[in-house]
Amino acid sequence: MGKGLAACFILACICLWGLCSCSAEKNGTFNEYADFKDKAELKADRIEVPPVLLYPRSVYLLNDRLVVLNEKTDTVFSVYNLPECSYWGQFGQKGQGPGDFNLPLVYAVRTENDSFSLFDSDCLKTIVFEDNRFSVLSSKFPVENFVINNLVYLKDGSYVCSAGFESEYELRYIFKDGTYKESGAYPEKSEGRFENVLSRNQAYSNIIVAKPDGSRLALVYQFIRRNRIYDDSGNLLSDNVMTLEPGSSEPALNDDERCIHAIAVYATDRYFYTLNLDMTAQELGTANKFPNIQVFDWNGTPVKQLYLDCYISSFVVDETNQIIYGVFAEDDSHIYKFRLS
């Protein structure tokens, strides 16, 4: 896949993937790390699939199925048997009905062994695989009149998402009774280096991922090497910075000078994984290197860095079978499979 196409896609996604930030409360420990404990190179098995992929934007892992969300097809999802990635079928229509999909956010709100949920307009759409068939259950989201971005499920009916484009807080916790609270101070105040709150929030754009049991979440910044770990009540547990190059301790004011780090995340019970570019926008079209996947434990401690030999834009990790599956939005012909062991 040409690097020009890769650069265009990735830059477009960063613009769409929301603005947020995070809390520096006094109860969180601050940690600096110089490098990863372990490093390895992964080579992709490029598995050719039937011509049903069209702009694959995200991928989801169920028990023995891989589900790919296609942005430019009338049938939204294509499904593959694991581990061979053989084609199983398609489901999910675009439309306005309760079982249809209008504008779903690509990140899963929640994933279980046989189901996953997406936020679509003002509803949660839960996709269930049972008796060798898929069904879609739709339910109204408990809170209205919010711009919902980066939504993940915690536990006991509560959720967390980005607090908003112009909020002084980074996170919004939404509870099952419809109440909410905003939490988390940004690493920098908007006064000083930034013109306003919006420009500060853009510089500290991040992605949120929750531990499967809902007990904590990781907030991963896109333009600096930094993550923060919160519990399900909004308390900061740890604030973790990596000092290795390339990168800086604070995001550059000029977009062109910012190093782009995390563009996708995935969580398991043991770790959270980030798909990183570690390049500027200009380097995306010219640099002779590919993304890497970085592994952190649920304290935010860096564990391992995995260097890839191709571009991908979304991925999942099957820790039981030690396999990473990925797709690239500009590649309509392949699923990528990386063996960890």
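Below, all heavy atoms of this structure are taken into account, side chains as well, without hydrogens, waters or symmetry copies. Keep in mind the model is a prediction, meaning the values are calculated, not measured.
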| Got a sec, which residues hit salt bridge (Lys or Arg N to Asp or Glu O under 4.0 Å) with E188, two or more places apart in sequence or on another chain? | R193
| said: I need the L105 CG to F119 CZ distance, nearest 0.5 Å. | reply: 6.5 Å
| request: Taking atom types as modelled, find out whether S205 and Q222 have a side-chain donor-acceptor pair closer than 3.5 angstrom. | output: yes
| task | Take E319 and T268 through the test side-chain hydrogen bond (donor to acceptor under 3.5 Å, both in side chains) and record every step on the way to the result. | result | CA-CA 8 Å; E319 285 184 340; T268 68; 2.8 Å; yes
| Are the ring centres of Y271 and W298 closer than 6.0 Å? | no
| What class does the angle between the rings of F296 and F272 fall in, given that below 30° is parallel, 30 to 60° is tilted and above 60° is perpendicular? | parallel
| Within 45° of the six-membered ring axis of F194 and under 6.0 Å from that ring's centre, is NZ or CZ of R200 located there? | no
| request: Determine the minimum heavy-atom distance between A218 and I229, stating which atoms define it. | output: CB-CD1, 3.8 Å
| All side chain to side chain contact (heavy atoms under 4.5 Å, CB included) counterparts of E84, not counting sequence neighbours | N81, S86
| query | Is there a donor-acceptor pair under 3.5 Å between the side chain of S121 and the backbone N or O of C123? | reply | no
| said: With no hydrogens and no angle check, just 3.5 Å: does a side-chain donor-acceptor pair link Y180 and E182? | reply: no
| message | Looking at D332 and P51, would you say the former's side chain and the latter's main chain have a donor-acceptor pair under 3.5 Å? | response | no
| task | Determine yes or no for a side-chain-to-main-chain donor-acceptor pair under 3.5 angstrom, with E283 supplying the side chain and T280 the backbone. | result | yes
| request: Quick one: pull up CD in E41 and CG in N292 and give me the separation to the nearest 0.5 Å. | output: 11.5 Å
| message | Suppose we screen for side-chain hydrogen bond (donor to acceptor under 3.5 Å, both in side chains). Which residues come up paired with Q90, at least two apart in sequence or across chains? | response | Y87
| field | Nearest-0.5 Å distance, CZ of residue F30 to CZ of residue R228 | value | 8.5 Å
| query | Parallel, tilted or perpendicular for F129 and F134, by the 30°/60° rule? | reply | tilted
| said: Could you work out, with salt bridge (Lys or Arg N to Asp or Glu O under 4.0 Å) as the rule, every residue matching K72, not counting sequence neighbours? | reply: none
| task | Check the side chains of D177 and T179 for a donor-acceptor pair under 3.5 angstrom, ignoring hydrogens and angles. | result | yes
| query | How about K189: does its NZ atom have over 12 heavy atoms from other parts shown lying under 6.0 Å from it? | reply | no
| request: Mind jotting down which residue pairs meet the salt bridge (charged side-chain N to carboxylate O under 4.0 Å, His left out) criterion with at least one end in residues 258-276? Sequence neighbours excluded, please. | output: D255-R258
| query | Out of curiosity, L124 CG to K140 NZ, how far, rounded to the nearest 0.5 Å? | reply | 11.0 Å
| request: Measure the CG-CD distance between L198 and E166 for me, rounded to the nearest 0.5 Å. | output: 5.5 Å
| request: Tell me, please, which residues at least two apart from S117 pass side-chain hydrogen bond (donor to acceptor under 3.5 Å, both in side chains). | output: T126
| task | Examine Y325 together with F315 and report whether their ring centres are nearer than 6.0 Å. | result | no
| task | Determine the interplanar angle of the Y336 and H334 rings, folded into 0 to 90°, and report it as parallel if under 30°, tilted if 30 to 60°, perpendicular if over 60°. | result | tilted
| request: Answer with yes or no whether the side chains of S78 and Y80 bring together a donor and an acceptor at under 3.5 Å. | output: yes
| Just by distance, do the side chain of D231 and the backbone of N235 share a donor-acceptor pair under 3.5 Å? | yes
| task | Nearest 0.5 Å please: distance from the NE2 atom of H261 over to the CG atom of N227. | result | 12.5 Å
| query | Under 3.5 Å, side chain of K176 to main-chain N/O of Y159, donor-acceptor pair present? | reply | no
| Would you say the side chains of N31 and N240 form a donor-acceptor pair under 3.5 Å? | yes
| said: Is it true that D213 and S215 share a donor-acceptor pair across their side chains at a distance under 3.5 Å? | reply: yes
| said: Classify the ring geometry of F116 against Y60: parallel below 30°, tilted from 30° to 60°, perpendicular beyond 60°. | reply: parallel
| Minimum side-chain heavy-atom gap E112-P212 below 4.5 Å | no
| Any donor-acceptor pair under 3.5 Å linking the side chain of Y153 with the backbone of G157? | yes
